[in-house]
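Every chain is numbered from 1, with letters handed out A, B, ... down the list of sequences.
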Amino acid sequence: MKVMLGLSGGVDSAVAAYLLKKQGYEVICCFMRNWDSMANNDVLGNPTVNDNQCPQEKDYRDACLVADKLGLKMMRIDFIKEYWDYVFTYFLNEYKLGRTPNPDIFCNKYIKFGPFLDFAKKNGCDMIAMGHYAKRVDENGKTYLYKAHDKNKDQTYFLSQISSEQLKSCLFPLGDIDKTEVRRIAHELNLESVEDKKDSTGVCFIGERNFKEFLKNYIPAKKGKIMDIATNTVLGEHDGVMYYTLGQRKGLGIGGINGLPTHGWFVCKKDVKNNILYVASGSEDEHLFSDEAVINNINLFNDKL
RNA sequence: UGGGGUGUAGCCAAGAGGUAAGGCAACAGACUUUGACUCUGUCAUUCCGCUGGUUCGAGUCCAGCCACCCCAG
């Protein structure tokens, strides 16, 4: 069996590579690049835009060191355009609608299990593999997605939109072990470039930096009022209703107000049309609770449900 | 320029002669499937509108000045 593993330059996929090899698979590592700051005009608030080595290249080098140490072949592929068309476009549209999207779910559906899978097959691989904390279970000829053994690190959420067919083409070597075990193995193997590397979280391609500034590259700032939903009075000003998310507390800049209790203010409603951000006082305010939700695009690829 | 009130960190606000509470915001770190939430930490070292005075000692008492608010004109 020939498998192409997505090697990111982090500790998880590095250990996944080792485990696959140990299990007898012929492993080819591949570093994927989905974001090009220059091509995508990602300049505002980008702390590394002028650096001679961007963080992605550091990750690539770390990945190469891992592949080298494990004696595995290393490849590299760009999906800049695909990412923009299938993931980032959706991402921006959601923000423009006043929602808070999760691009990583689409990245899996449309990139890793799309062009990347195709790329693997073109290069003679039967399957792909990922360092996700997720479990694939085959039963009676069917393939199911199970939560990872490490419930704390489970990443099946990110895989929630892939199909049963796509799932059949992928292995998750970390499905049965804990993060602490992953770190332990990395140390045991002396994978110096990744063994103590900090976990990356959140939107993967952006890196450590001011998120609002990042969004300003694509969604222009537009100042508006922040209003108290209980009294309908103006409490402050925001930079654009799209930059905030429901339930958010930080970044509103509302201090103490004469005569009003001070328990912090939380975003409870976004009026995109009129560019008004509504806030409620304290985390227990009734406006922050809801007993209904609109859900669509449910992916019932697991017929055990 | 009659009367009353207020002036403490970016904001709100305790304090009441003995050596500046607390909250919000902000910032930093941890955690993280919402760069969100949450948690932890840091935030007025002679400073409490200004200037003098009383006192061993004043944000707290006194005097003058300044600023703002309210009522009356």
Please report the distance separating the P of A9(B) from the corresponding atom of G59(B), rounded so that it comes out in whole Å. 15 Å
Using a heavy-atom cut-off of 4.0 Å across all strands, would you classify Leu252(A) as base, sugar-phosphate, or nothing? sugar-phosphate
Exam field: side chain Lys73(A) to backbone Val27(A), donor-acceptor pair closer than 3.5 Å: no
Whole-Å gap separating P (C11(B)) and CD (Glu237(A)): 17 Å
Could you verify whether a donor N or O on one side chain and an acceptor N or O on the other, from His263(A) and Asp285(A), lie under 3.5 Å apart? no
Is Arg249(A) near enough to U38(B) that one of its side-chain N or O atoms lies under 4.0 angstrom from OP1 or OP2? yes
Checking His132(A) side chain against Thr156(A) main chain: does a donor-acceptor pair fall under 3.5 Å? no
Arg99(A) atom CZ is separated from G35(B) atom C1', nearest whole Å, by 20 Å
Send over the distance from Glu284(A) CD to C37(B) P, rounded to a whole Å. 15 Å
Between atom CG in Asp228(A) and atom P in C11(B), what is the gap in whole Å? 21 Å
In terms of side-chain heavy atoms, does Asn152(A) have a donor or acceptor partner in Tyr133(A) at a distance below 3.5 Å? no
Do Lys135(A)'s NZ or CZ and the ring of Tyr146(A) fall within the cation-pi criteria of under 6.0 Å and 45°? no
Rounding to a whole Å, what distance do you find between Asn102(A):CG and U34(B):P? 7 Å
Going by atom types alone, do Ser13(A) and Ser8(A) pair a side-chain donor with an acceptor below 3.5 Å? yes
Winner on side-chain proximity to Lys250(A), out of C31(B), A26(B), U33(B), is A26(B)
Value in whole Å for how far the P atom of U34(B) lies from CZ of Phe266(A): 17 Å
Does OP1 or OP2 of U32(B) have a side-chain N or O of Asn152(A) closer than 4.0 Å? yes
Taking atom P in both A26(B) and A21(B), compute the distance separating them and give it to the nearest angstrom. 23 Å
Nearest-nucleotide comparison on RNA chain B, the residue closer to the 5′ end among Ser283(A) and Thr100(A): Thr100(A)
Of the options Trp35(A), Tyr110(A), Phe106(A), which is the one that meets Phe88(A) in a ring-ring contact (aromatic ring centres under 6.0 Å, His included)? Trp35(A)
If I pick the P atom on U60(B) and the same atom on U54(B), what distance separates them, to the nearest angstrom? 15 Å
Rounded to whole Å, the CD1-C1' distance (Ile254(A) to C12(B)) equals 13 Å
Would you please confirm or rule out a distance under 4.0 Å between OP1 or OP2 of U32(B) and any side-chain N or O of Lys153(A)? yes
Rounded P spacing from A25(B) to G64(B) in Å: 42 Å
Distance, C1' atom - from G35(B) to A30(B), rounded to whole angstrom: 15 Å
If each of Trp265(A) and Ile257(A) is mapped to the nucleotide of RNA chain B with the nearest heavy atom, which maps nearer the 5' terminus, i.e. the 5' end? Ile257(A)
Expressed as a whole number of Å, how far does the C1' atom of C11(B) sit from that of C56(B)? 38 Å
Rounded interatomic separation in angstrom, taking CZ from Phe211(A) and C1' from U34(B): 10 Å
Please work out if Gln248(A) contacts a base, only the sugar-phosphate, or nothing of the nucleic acid, heavy-atom cut-off 4.0 Å. sugar-phosphate
Pairing donors with acceptors under 3.5 angstrom, does anything connect the side chains of Asp178(A) and Thr180(A)? no
Consider only side-chain N and O atoms of Asn40(A) and Trp84(A), and report whether a donor and an acceptor are under 3.5 Å apart. no
Convert the base pairs of RNA chain B into dot-bracket notation, remembering that pairs crossing earlier ones are written with [ ] and that bases paired across to another strand are shown as |; include only Watson-Crick or G-U pairs under 3.5 Å. .(((((((.[[[..)..(...]]].(((((.......)))))......[[[[[..)....]]]]]))))))..
Pairwise P distance for G57(B) and A14(B), with rounding to whole Å: 29 Å
Spacing of the C1' atoms in A72(B) and G5(B) (rounded, Å): 14 Å
